[in-house]
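Remarks on the structure that follows.
Because the structure is a prediction, the values reported are computed rather than measured. First the proteins, then the strands, lettered A, B, ... as listed; each starts at 1.
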Number of protein chains: 2
Amino acid sequence: METTNNDLSIQSIQEKDSEKLIEMLNIFWNGLKEKRKTTKVAPGILQNLPDVITKDPYPVKHTSLENVFKEVYEEILPYCVNTANPLFLGYVTPPSLDITWLGNAIIAMLNQNVSFSALSPAGTAIEQYVVNQLCKLVGYSDISGGVIVSGGSTANLQALITARRSVLGEKVAAVGNAQSGGSQRIYCSTQIHRSIHKAAIIMGIGVENVVEIPCDVNQKIDVSKLRKKIAEDIADSKYPIAIVGAAGTRACGSFDDLKSLSEIAEENKIWFHVDGAYGAFLKLSDYKPKELDYLHLAHSITIDPHKLLFMPMDNGCLIVRDRQKLIDAFGIEGEYLEKFHPVGQDFCDFGIELGRSMKAFNVWLAFKYIGLDLYKKEFDRLLILAKEFKELLDNEPEFERIGPSESIIVCFRWNPKVSYFSEAKLNIVNDKIRTTLIKEGTAFLNGVTIQNQFALRICFSNFNTKVEDLKVLLNGIKNMSKSII
Amino acid sequence: METTNNDLSIQSIQEKDSEKLIEMLNIFWNGLKEKRKTTKVAPGILQNLPDVITKDPYPVKHTSLENVFKEVYEEILPYCVNTANPLFLGYVTPPSLDITWLGNAIIAMLNQNVSFSALSPAGTAIEQYVVNQLCKLVGYSDISGGVIVSGGSTANLQALITARRSVLGEKVAAVGNAQSGGSQRIYCSTQIHRSIHKAAIIMGIGVENVVEIPCDVNQKIDVSKLRKKIAEDIADSKYPIAIVGAAGTRACGSFDDLKSLSEIAEENKIWFHVDGAYGAFLKLSDYKPKELDYLHLAHSITIDPHKLLFMPMDNGCLIVRDRQKLIDAFGIEGEYLEKFHPVGQDFCDFGIELGRSMKAFNVWLAFKYIGLDLYKKEFDRLLILAKEFKELLDNEPEFERIGPSESIIVCFRWNPKVSYFSEAKLNIVNDKIRTTLIKEGTAFLNGVTIQNQFALRICFSNFNTKVEDLKVLLNGIKNMSKSII
């Protein structure tokens, strides 16, 4: 039966297409699996935005599902990075597990709002479970807790808000920074993630009050300089509130001396937060950096499921040693009827957002389906892979490792070691190598500058990457470099 | 071929189950469609958490897909609210469009990181498009822009951070509130969403510096009291930074006088933000509150796709009249190589989060598939439905409307109007009616207290609700009330 245009409604088109949705997904999934095998990591087309999308006019009329999907195939897919390619290695944002698209679909179908426990008992139970498992993983006790957030930046922000509330007390929440004394201070190393600086701006602390302490040669924070600086600041009437340690720095994957940082925090009665967005998971592995033995000493830890649990983007997590501290900082007051009859934790009290999706469901699915044994096995494999890659580099006269490498990040450069190649020239060539790799679609690497040397950076977090892929990559770079210089 | 336990890996189980995922989803989707028709809005079991989930041990071993899904059906589904039920009316969080689960699945499959445009041209183009359409919808010009965030609380927070940066300048980002003068002030009515208070705590402004101005009888902010209070505060050396107007209050769906608020903001050279999380969309409708004619005067607007665009939870949006203000507040500095070769806006410069999912894809899908014509038609229908419901109430001697109602929220109570029913008794009975409706699974309403009267609150945002459902609801309440009193 044809519906005339006037009969169309959201209800009627949904009714009509109800069966077709699964068909569409089936076609898409099977097509994508093929495409993943045949498509380069980054097709050349990536150098522009799809104009047809950005310049598309106001979408007034209903478009059939088939035609919408025609546009997805023709206009959107060619502009996507193939994150499942074994040589997508630029970030610790691995491809997502297949089961997560199933989970994501179900989350949308059920559309639970995991704000008040009385409104979403299932979502609440699942999130409590997921957070508890992550707390156990890092060695936290029963009074710990946490919350799923959008990502590491939000987790770090929430940690620092909790830190301030815990150190300076109720007054700062009531009257703000201006009436709570002088400048608040946050301490970290020069290698910390920039989200700490963003958090300082957001919190009205100011980016100049993020005190960056120099690192040693292994890119770990210089503990004695930190201790000295805090003492100076206190003498200077500043208000230290938190030390942020890195369990996996951005550039080289270094781990700060968490034990010493914890001691300094205790001495000064301030908060100790660890940004372990990816590195905290490595605690499961036999090959973990030894600093992770002290991870549980942190008051709070950022640990992002969209990193080493292989969740899709937008799945971060903050866990805290004492969950009451988080509730003190974020618990809402006001006339919310649902709070009169709680059946569990009200997760809106654990963070910024009041309305919250059930995205913990995806982590739960993966915990059950994969199991921690297989996660551990994969983390072991990734750490070994990084080690094997370092050996490959060390055995290749044309390559040189740059900076330390103690976990899943390895930085290196192409360097023929001939006298007429200046440092400046090497920097230009290696930058060009990276850009060419992306333009050709061979590999997606990132680059960082370490002590004025431009290095190619590889993050080993992709479960599809094998040592053979790395050999192909290095040969490709060698061949390419001849034409670049 | 059976794999022994030692051969198992993330890669091998994904390979094995690749076909099965679609099957699982097909079964789930068809089962859920049936369940939506037959399941009450809130099964009685909702009064507890599923213990089997929260107390489940550490998930060490791989569990088969079938067994995981057995647990989903048996332990999780019974604890979910049936948001598709026509009488799920407690919040402006409607059921999600079917097409969004397809979109959500694809978002996870592709797993694009929409942080840097060079890393995700498709995601960037889509988000630019979606945000531009929302800007057009409210009447913003070409220099406007915005960003998809997790929800209204984050959108409001980001708006206020942008406000502070715009009003107080670069210095506040550099040195923070303590060195930037006295207390910053935010103005709003008593009816504003509590996320404004949370934002003030997060920003180091303090909850006491959120100045709540009384409302008139229509629950709209008293404009003359606001003007007076700001003048007093300036005389008292406070730093006003923003006025927050409501385009749809939480309790009654009232719309502040946006024109006057804009004028007062201009007079004082401060920011004017509008929380239009759901109400801003009504601008499309022929039956919109007239205040929406001035929506475009706001410097920034919260407008959440997970409300009236029927996206699943976790899809909010902030739009700003001048997008450069947002970049000034959130643009990241630091060594990010991708920023050297942008192909469009870098969305990590538009908000808190650096790593970001392609959830704008879901909004794009719906814009194309539904089209704004059908959205408008649905908004018209919802506004008419609210009006029809008011008429139903006014014609029923046992019911009484409470508070104003100018858009999609209607508050009311059961009141037999007999002398021996005190106000206190009426409050108790109506609270009990609400609880009983939820326990019986008949309807999910919320409740609010308006001038000491407890009222049942209905939000008309569910595309499945028809006027017949409302008649059934009112009859149900009448019958139930006999046994409650």
Side-chain angles (χ1 to χ4, degrees), chain A residues 10 14 21-22 26 49-50 53-54 59-63 68 76 79-80 83 93 96 98 100-102 104-105 108-109 111 113 121-122 125 128 150-151 153 173-178 183 194 201 203-206 208 312-314 334 337 344 353-355 357 367-369 371-372 378 447 463, chain B residues 10 14 21-22 26 49-50 53-54 59-63 68 76 79-80 83 93 96 98 100-102 104-105 108-109 111 113 121-122 125 128 150-151 153 173-178 183 194 201 203-206 208 312-314 334 337 344 353-355 357 367-369 371-372 378 447 463:
Chain A
I10 287 179
Q14 295 216 114
L21 294 168
I22 291 276
N26 193 19
L49 284 192
I53 300 293
T54 45
V60 174
K61 297 288 171 203
H62 161 57
T63 306
V68 175
I76 294 178
Y79 292 88
C80 286
T83 53
T93 51
S96 51
D98 295 344
T100 65
W101 65 250
L102 183 51
N104 242 18
M109 285 179 191
N111 202 26
N113 182 355
Q128 280 186 204
S150 53
S153 297
V175 299
N177 300 354
S183 293
R194 293 295 296 183
I201 294 171
M203 293 168 70
I205 291 175
E208 290 179 12
M313 288 307 298
D314 221 1
L337 208 63
E353 209 57 71
L354 184 60
S357 83
F367 269 158
K368 300 292 283 192
Y369 175 62
L372 289 172
E378 179 62 21
F463 48 73
Chain B
I10 287 180
Q14 295 216 115
L21 294 167
I22 290 278
N26 193 19
L49 283 191
I53 300 291
T54 45
V60 173
K61 297 289 170 202
H62 159 57
T63 306
V68 174
I76 293 178
Y79 292 89
C80 286
T83 53
T93 51
S96 52
D98 294 345
T100 64
W101 64 251
L102 183 51
N104 243 17
M109 285 178 191
N111 201 26
N113 181 355
Q128 279 186 204
S150 53
S153 297
V175 299
N177 300 353
S183 292
R194 294 292 298 182
I201 294 171
M203 293 168 69
I205 290 174
E208 290 178 12
M313 288 306 298
D314 221 2
L337 208 63
E353 209 57 71
L354 182 61
S357 83
F367 270 158
K368 300 292 284 192
Y369 175 63
L372 289 172
E378 179 62 21
F463 48 73

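- Ranked by heavy-atom pairs under 4.5 Å with chain B, the first of A:Tyr369, A:Phe463, A:Phe367, A:Tyr79 is A:Tyr369.
- For the residue pair B:Ala178 and A:Asn177, the shortest heavy atom distance occurs at CB-O, 4.3 Å.
- In terms of heavy atoms, A:Leu49 sits closest to B:Ala125 at CD2-N, 4.0 Å.
- Of all the listed residues (B:Gln14, B:Glu208, B:Gln128, B:Glu378), the one sharing the greatest number of non-hydrogen pairs under 4.5 Å with chain A is B:Gln14.
- The CG atom of B:Asn113 sits 10.0 Å away from the OG1 atom of A:Thr83 when rounded to the nearest 0.5 Å.
- Ranked by non-hydrogen atom pairs under 4.5 Å with chain B, the options A:Asp314, A:Thr54, A:Val60 are led by A:Val60.
- Proximity to chain B (any heavy atom under 4.5 Å) is shown, for A:Ile76, by both the backbone and the side chain.
- In this structure a side-chain-to-backbone donor-acceptor pair under 3.5 Å is missing from A:Thr100 to B:Ala108.
- Between A:Ser96 and B:Asn111, the shortest heavy-atom contact is N-ND2, 3.7 Å.
- With chain A as the partner, the residue from B:Gly151, B:Ala122, B:Ala174, B:Ala173 showing the most heavy-atom pairs under 4.5 Å is B:Ala174.
- Contact count versus chain A (heavy atoms, under 4.5 Å) is highest, among B:Gly355, B:Gly204, B:Ser150, B:Ser183, for B:Gly204.
- One finds the CG atom of B:Leu21 at 5.5 Å from the CG atom of A:Leu102 (value rounded to the nearest 0.5 Å).
- Taking CE from A:Met203 and CD1 from B:Ile201, the interatomic distance works out to 12.0 Å, rounded to the nearest 0.5 Å.
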